[in-house]
Amino acid sequence: MKKNIILMGPPGAGKGTLAKQLKEALNLVHISTGDMFREAIKAQTELGVLAASYINKGDLVPDDVTIGLVKERLSQKDCEAGFLLDGFPRTLAQAEALDEIAKSISRPIEAVINLDCDNEELVRRISGRRVCKDCGAPYHVVTMKPKVEGVCDLCGGPLFQRKDDNEEALKVRLEHYVSETKPLLDFYKKLGLLESFNSLVGKEELFDEVSSYLKK
Ligand code: ADP
Ligand code: ZN
């Protein structure tokens with residue numbers, strides 16, 4: 001089985017949803033830089049205040065901050081069982097740093113899963129997205145409704161709309177994706193690690209396809 005995995009794809013492609021399914025099924029540690037930043041924002045730490053000033057506009061948090069955060073997390077013992085990076089790396093500098101970190105802790109990346117999705121669908125998904133304030137579980141007002149409106153099925157927490165899930169910030173996020181993150185697909189393709197999946201098939205089918213690929 002492949003462990004030490006990177007999930008890539010534009011905002012709204014379904015990385016977070018897939019990560020949560022894979023984490024349960026394959027017993028991997030889920031490392032979402034977006035979730036880590038949102039937790040810091042909620043706790044009003046120094047990191048949180050800094051991160052919010054970038055995130056709310058749709059901009060990327062500076063590389064040194066993000067790399068430091070991931071380095072610390074990946075060095076923890078629980079990651080020995082295998083990890084799932086969601087939302088990192090997003091820039092070439094991050095990809096290069098990750099390569100170094102992975103080598104230094106002897107946990108090399110074994111697969112890069114790329115989720116393809118068209119722009120129209122990304123906008124639809126992001127504009128209807130709701131997230132649990134307590135556990136981060138993702139929902140959609142039309143296609144992934146909770147059993148009780150506004151309440152998380154998993155933990156009972158309140159659902160909210162992310163500050164960066166608006167048209168203006170999404171436009172900026174998509175621009176960053178195209179100019180800074182998408183070129184990383186080539187980087188991983190050259191390393192022979194890249195496998196792409198169409199995320200339009202729906203979350204159950206996508207999960208089946210990706211998990212059987214990872215189990216090979
Ligand atoms: P999405 O994939 O929907 O854009 P994430 O939760 O992964 O959402 O990220 C939300 C925001 O957090 C990003 O728009 C960015 O501002 C910040 N962020 C997350 N990961 C990184 C990263 N690796 N480098 C820089 N900024 C990041
Ligand atoms: Zn919840």
Side-chain angles (χ1 to χ4, degrees), residues 6-20 24 30-42 47-74 84-98 101 112-115 117 119 121-140 144 146-184 199:
I6 299 174
L7 288 182
M8 302 230 348
K15 298 184 296 292
T17 301
L18 177 65
K20 289 204 159 60
E24 292 298 319
H30 177 203
I31 302 175
S32 159
T33 41
D35 283 351
M36 289 163 93
F37 288 136
R38 279 185 289 277
E39 266 159 37
I41 293 171
K42 199 164 75 176
L47 170 71
V49 174
L50 177 90
S53 68
Y54 294 94
I55 293 179
N56 294 343
K57 290 183 286 182
D59 281 326
L60 294 178
V61 178
D63 280 337
D64 55 343
V65 176
T66 310
I67 290 167
L69 191 70
V70 172
K71 186 170 182 177
E72 193 186 303
R73 183 65 189 91
L74 279 181
L84 200 54
L85 281 169
D86 160 10
F88 183 94
R90 262 180 157 92
T91 64
L92 188 58
Q94 292 179 13
E96 286 168 352
L98 175 61
I101 297 166
V112 178
I113 304 295
N114 175 48
L115 303 184
C117 191
N119 266 21
E121 176 69 6
L122 295 177
V123 172
R124 194 195 64 74
R125 288 183 183 180
I126 297 255
S127 54
R129 171 156 69 182
R130 297 292 182 274
V131 185
C132 172
K133 204 151 213 147
D134 293 337
C135 77
Y139 295 88
H140 187 280
M144 272 168 58
K147 292 195 187 86
V148 180
E149 197 185 316
V151 180
C152 177
D153 290 347
L154 303 177
C155 79
L159 305 187
F160 78 112
Q161 182 167 35
R162 275 166 47 174
K163 254 194 186 149
D164 59 340
D165 278 352
N166 62 70
E167 216 175 309
E168 213 177 321
L170 177 60
K171 197 166 160 271
V172 179
R173 284 155 71 197
L174 286 170
E175 284 166 5
H176 283 298
Y177 174 73
V178 171
S179 63
E180 282 150 278
T181 310
K182 210 170 173 205
L184 298 184
S199 97

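Atoms within a ligand are numbered from 1 in the order they appear, just like the ligands themselves. Throughout, residue positions are numbered sequentially from 1 according to the sequence presented.
We find that Lys171 and Glu175 are joined by a salt bridge, their nearest charged nitrogen and carboxylate oxygen being less than 4.0 Å apart. Salt bridge status for Arg124 with Glu121: present, with a side-chain N to carboxylate O gap under 4.0 Å.
Vertex the Zn ion (ligand 2); arms to Cys155 atom SG and Cys132 atom SG; angle 100° (nearest 10°). For the pair SG of Cys152 and SG of Cys135, the angle at the Zn ion (ligand 2) is about 110°; rounding is to 10 degrees.
In summary, the side chains of Ser199 and Arg125 do present a donor paired with an acceptor at a separation below 3.5 Å, with no hydrogens or angles considered.
Within 4.0 Å of ligand 1, protein heavy atoms come from Pro11, Lys15, Thr33, Gly34, Phe37, Arg38, Ile55, Asp59, Leu60, Val61, Thr66, Gly87, Phe88, Arg90, Gln94, Arg129, Arg162, Asp164, Arg173.
Listed for the Lys15 side chain is no donor-acceptor partner under 3.5 Å among the backbone atoms of Ser32. Checked by atom type and distance alone, the side chain of Arg173 pairs as donor or acceptor with a backbone atom of Asp164 at under 3.5 Å. Counting only distance, with no hydrogens or angles, the side chain of Lys57 and the backbone of Glu168 share no donor-acceptor pair below 3.5 Å. With hydrogens and angles disregarded, a donor-acceptor distance shorter than 3.5 Å links the side chain of Asp153 to the backbone of Lys147.
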